[in-house]
Amino acid sequence: MLDSALKEQLKGVFAGLEAEFTFNISVSANHESRTELLELLGDVADCSDHITCQVNEGDSLLFTLLKNGVQTGITFRGIPNGHEFTSLLLAILNLDGKGKNFPDEAICNRVKALKGPIRLITYVSLTCTNCPDIVQALNAMAVLNPSITHEMVDGALYQDEVDALKIQGVPSVFADGKLLHVGRGEFSELLAKLEEQYGVDESLLSSEEKAYDVIVVGGGPAGVSAAIYSARKGLKVAVVAERVGGQVKETVGIENLISITETTGNELANNLKTHLLHYPVDLLEQRRIEHLEMEVDRKVLTTSVGEKLTAPAIIIATGANWRKLNVPGESDYIGRGVAFCPHCDGPFYKGKHVAVVGGGNSGIEAAIDLAGICSKVTVFEFMDELKADKVLQEKLQTLPNIEVFVNSQTLEVIGNGDKLTELRMKDRKTEEERLVELDGVFVQIGLSANSAVFRDAVDTNRAGEIVIDEHCRTNVPGIYAAGDVSTVPYKQIVISMGEGAKAALSAFDDRVRGVI
């Protein structure tokens, strides 16, 4: 199943393994995917003398990972092909202490402090680009805390379970039978939810205060640019972020970053991190800022893991997230008919009728993608015309299973308790209301600035964007903002990078002039 080139790569990846690992396989003799699973795991095992396969007859299809003959708490109920192949490799490397996707010590200690036992199950689609992030994060938690077990389930192989649990979005994470999380997420977000549900042993945690010259909040293009420019000035810099790359990681194709003909969000995010770590910057990932306190000569930031970070200068580059409709019923049916990522959740609506709310570039791109999967796609645009680029609108017009309604306001998401069934819409010209029967809706109405933590400290506009001048200065000395979280026009990667550099240079100039 694995080609010779990939096998050679795996031999190098596994060259340093020290422990003995076993794929403890349980599979029915009649399972249609039995041969595929055995071939895949057999090929992987052939790449290292430290990996073996043990095959047992079972009534389904799964395998667990054993380390030195002992269960590790990690299970794959499915064939980890596609994006999940990396999840399998990382599980082995993490268990052997060779993995590179563990968070820093403070985050690891919070995972170890979780009160168990905790049994986690994640339902995935092998075509989902967000699922591996969740699977890998929860597998890492299982490695760190022996009271945590995690099982990945390929929903396509266990459709009866998917239907019984009424799953309409992936990844869907269940904690001891209770739905914990649906959709894209970060290590820190998952950890926060587990802490809330299970609690932590506070005696295992410690809090310390760290001082810096500049703290950059956010790890997207603006944040990374600000950190690099600050570090190049010889300043002590920390970057606090849930992940490096930010919203960029949600972009499949990037063709307008000058000097780079074409790249992807993931590739750019990886390059940003590589460049950032070329400098002596403290990268504090998998955490959020929860509180800002202003003191006479410094700002004190408290993170979601309990740390206190201080600096005379703060550069806010927290970007923006997908906006929600904020109508009745929306939050009730997220993951059960209300979705935001057509690439991840589109396959769940194969042959069904879905709506896309939003007629900008993201909305029309989503409609075009979904038209190849769904029987019918209905686009609702609030304004009196679509706002997408002409080339996208021309492509839209060539697809027979897409219909477009402008002047359309979404009033309510309606469901039957299990899943979405209808949208209540209003024609803004005639004021006429109607119910539209649907199987799902993809919300694509733009971005909302991630400025909530800072709104009591600095001026923001009606949209929540932090108000800045032409030098990225806010109304508070020593606080700067850059990129999509700010009032700078045109939310583009290349602009965010420039704004991040500008904010860093302004902060350095203020430092030299004694303003901060």
Query raised in the report: When T302 is tested against each of E293, E209, K308 for side-chain contact (heavy atoms from CB on, under 4.5 Å), which residue passes?
Result: K308
Query raised in the report: For M497 and L257, which heavy atoms make the closest approach, and how far apart are they?
Result: SD-CD1, 4.2 Å
Query raised in the report: Does the side chain of L392 reach to within under 4.5 Å of the side chain of I368, using non-hydrogen atoms?
Result: yes
Requested in this report: Can you establish whether the number of heavy atoms outside K491 located under 6.0 Å from its atom NZ is more than 12?
Outcome: yes
Requested in this report: Give a yes or no on whether the backbone of G219 and the side-chain of R243 come within a donor-acceptor separation of less than 3.5 Å.
Outcome: no
Report summary line: S451 and T460 have their tightest heavy-atom pair at OG-CG2, 4.4 Å
Query - Short side-chain donor-acceptor distance under 3.5 Å, D439 and H353 - result: no
Query raised in the report: Can you tell me if R336 uses its side chain to pair, donor with acceptor, with the backbone of D332 under 3.5 Å?
Result: yes
Query raised in the report: If you measure from CG on L386 to CG on N361, what distance do you get to the nearest 0.5 Å?
Result: 10.5 Å
Query - Minimum side-chain heavy-atom gap N475-V467 below 4.5 Å - result: no
Query raised in the report: Is a side-chain donor or acceptor of T318 paired with a backbone partner of N450 at a separation under 3.5 angstrom?
Result: yes
Query raised in the report: Could you give the distance from CG (L438) to NZ (K376), rounded to the nearest 0.5 Å?
Result: 9.0 Å
Query - K273 with E285: basic N within carboxylate O range, under 4.0 Å - result: yes
Query - Donor-acceptor under 3.5 Å (D389 side chain, V391 main chain) - result: no
Query - R424/E422 ion pair, N-O < 4.0 Å - result: no
Query raised in the report: So does K419 have more than 12 non-hydrogen atoms from other groups sitting under 6.0 Å from NZ?
Result: no
**Report entry** Donor-acceptor side-chain pairing of T378 and E403 below 3.5 angstrom
**Finding:** yes
Report summary line: Interatomic distance, CG@D133 vs NE2@H83, rounded to 0.5 Å, equals 10.5 Å
Report task. Decide yes or no on side-chain hydrogen bond (donor to acceptor under 3.5 Å, both in side chains) for K193 and H181, but give the supporting numbers first. Result -> CA-CA 8 Å; K193 290 181 177 180; H181 178 87; 2.8 Å; yes
Query raised in the report: ring-ring contact (aromatic ring centres under 6.0 Å, His included): which pairs involve residues 419-457, sequence neighbours left out?
Result: Y349-F442
**Report entry** Salt-bridge criterion met for R473 and D509 (N-O under 4.0 Å)
**Finding:** yes
Query raised in the report: Taking atom CD1 of I315 and atom CD of E499, what is their separation to the nearest 0.5 Å?
Result: 11.5 Å
Query - Derivation and outcome, side chain to side chain contact (heavy atoms under 4.5 Å, CB included), residues V244 and L283 - result: CA-CA 9 Å; V244 172; L283 176 57; 3.8 Å; yes
Query raised in the report: Does the side chain of V488 come within less than 4.5 Å of I495's, by heavy atoms?
Result: yes
Query raised in the report: Can you find a pair of side-chain heavy atoms, one from W322 and one from Q247, that are under 4.5 Å apart?
Result: yes
Query - Backbone of A222 reached by a side-chain donor or acceptor of S225 within 3.5 Å - result: no
Query raised in the report: So, are E432 and K426 salt-bridged, with charged N and O less than 4.0 Å apart?
Result: no
Query raised in the report: Given side chains that start at C-beta, do those of V512 and V515 come closer than 4.5 Å, heavy atoms only?
Result: no
Query raised in the report: Just wondering, more than 12 heavy atoms not from E295 lying within 6.0 Å of its CD?
Result: yes
Query raised in the report: Run the side chain to side chain contact (heavy atoms under 4.5 Å, CB included) check on V453 and L301 step by step: do they pass?
Result: CA-CA 10 Å; V453 175; L301 295 172; over 6 Å; no
Query raised in the report: Of the non-hydrogen atoms in P347 and P342, which two are nearest, and what is the gap between them?
Result: CD-O, 4.2 Å
Query raised in the report: Is there any ring-ring contact (aromatic ring centres under 6.0 Å, His included) pair reaching into residues 362-405, and which pairs are they, with sequence neighbours excluded?
Result: F380-F405
**Report entry** Donor-acceptor contact present, side-chain S448 to main-chain N321, <3.5 Å
**Finding:** no
Query raised in the report: Taking everything shown except E437 itself, do over 12 heavy atoms lie less than 6.0 Å from its CD?
Result: no
Query raised in the report: Does the side chain of V443 come within less than 4.5 Å of K324's, by heavy atoms?
Result: no
Query raised in the report: Taking side chain as C-beta onward, heavy atoms only, is I445 less than 4.5 Å from V357?
Result: yes
**Report entry** Polar side-chain atom of D282 near backbone of A238 as donor-acceptor pair, under 3.5 Å
**Finding:** no
Report task. For atom CD of E105, decide whether the heavy atoms of other residues, nucleotides or ligands shown that lie under 6.0 angstrom number more than 12. Result -> no
Requested in this report: Determine whether the side chains of Q492 and N256 contain a donor N or O and an acceptor N or O closer than 3.5 Å.
Outcome: yes
Query - Which atom of Y123 lies closest to which atom of V170, heavy atoms considered - result: O-CG1, 3.6 Å
Report task. For P477 and I516, work out which heavy atoms get closest and say how close. Result -> C-CG2, 4.1 Å
Requested in this report: I would like to know whether S87 and E84 meet side-chain hydrogen bond (donor to acceptor under 3.5 Å, both in side chains); could you show each step before the answer?
Outcome: CA-CA 5 Å; S87 299; E84 295 301 345; 2.6 Å; yes
Query raised in the report: Which ring-ring contact (aromatic ring centres under 6.0 Å, His included) pairs, counting each pair once, include a residue from residues 286-319, with sequence neighbours left out?
Result: none
**Report entry** Contact summary for P221 and I493, nearest pair of heavy atoms
**Finding:** CG-CG2, 3.9 Å
Report task. Mark yes or no for whether E381, through its side chain, and G359, through its backbone, hold a donor-acceptor pair below 3.5 Å. Result -> yes
Query - Sidechain-backbone polar pair: S408 side chain, V406 backbone, donor-acceptor under 3.5 Å - result: yes
Query raised in the report: Salt bridge between D104 and R287, side-chain N to carboxylate O under 4.0 Å?
Result: yes
Report task. Hey, could you give me the CE/CD1 distance between M152 and I134, rounded to the nearest 0.5 Å? Result -> 14.0 Å
**Report entry** Distance, nearest 0.5 Å, that separates OG1 of T122 from CD of Q136
**Finding:** 11.5 Å
Requested in this report: Kindly check if the number of other-residue, nucleotide or ligand heavy atoms within 6.0 Å of CZ (R428) is above 12?
Outcome: yes
Report task. Evaluate the side-chain hydrogen bond (donor to acceptor under 3.5 Å, both in side chains) criterion for residues N94 and N139: first the C-alpha distance (whole Å), next the side-chain angles of each, then the deciding distance (0.1 Å), finally the verdict. Result -> CA-CA 9 Å; N94 284 344; N139 279 347; over 6 Å; no
Requested in this report: Assess whether side chain to side chain contact (heavy atoms under 4.5 Å, CB included) is satisfied between V173 and V182, documenting all intermediate values.
Outcome: CA-CA 6 Å; V173 182; V182 178; over 6 Å; no
Requested in this report: Assess whether side-chain hydrogen bond (donor to acceptor under 3.5 Å, both in side chains) is satisfied between D510 and Y480, documenting all intermediate values.
Outcome: CA-CA 11 Å; D510 288 347; Y480 312 82; 2.6 Å; yes
Report task. Mark yes or no for whether E307, through its side chain, and K210, through its backbone, hold a donor-acceptor pair below 3.5 Å. Result -> no
**Report entry** Side-chain heavy atoms of V217 within contact of V239, under 4.5 Å
**Finding:** no
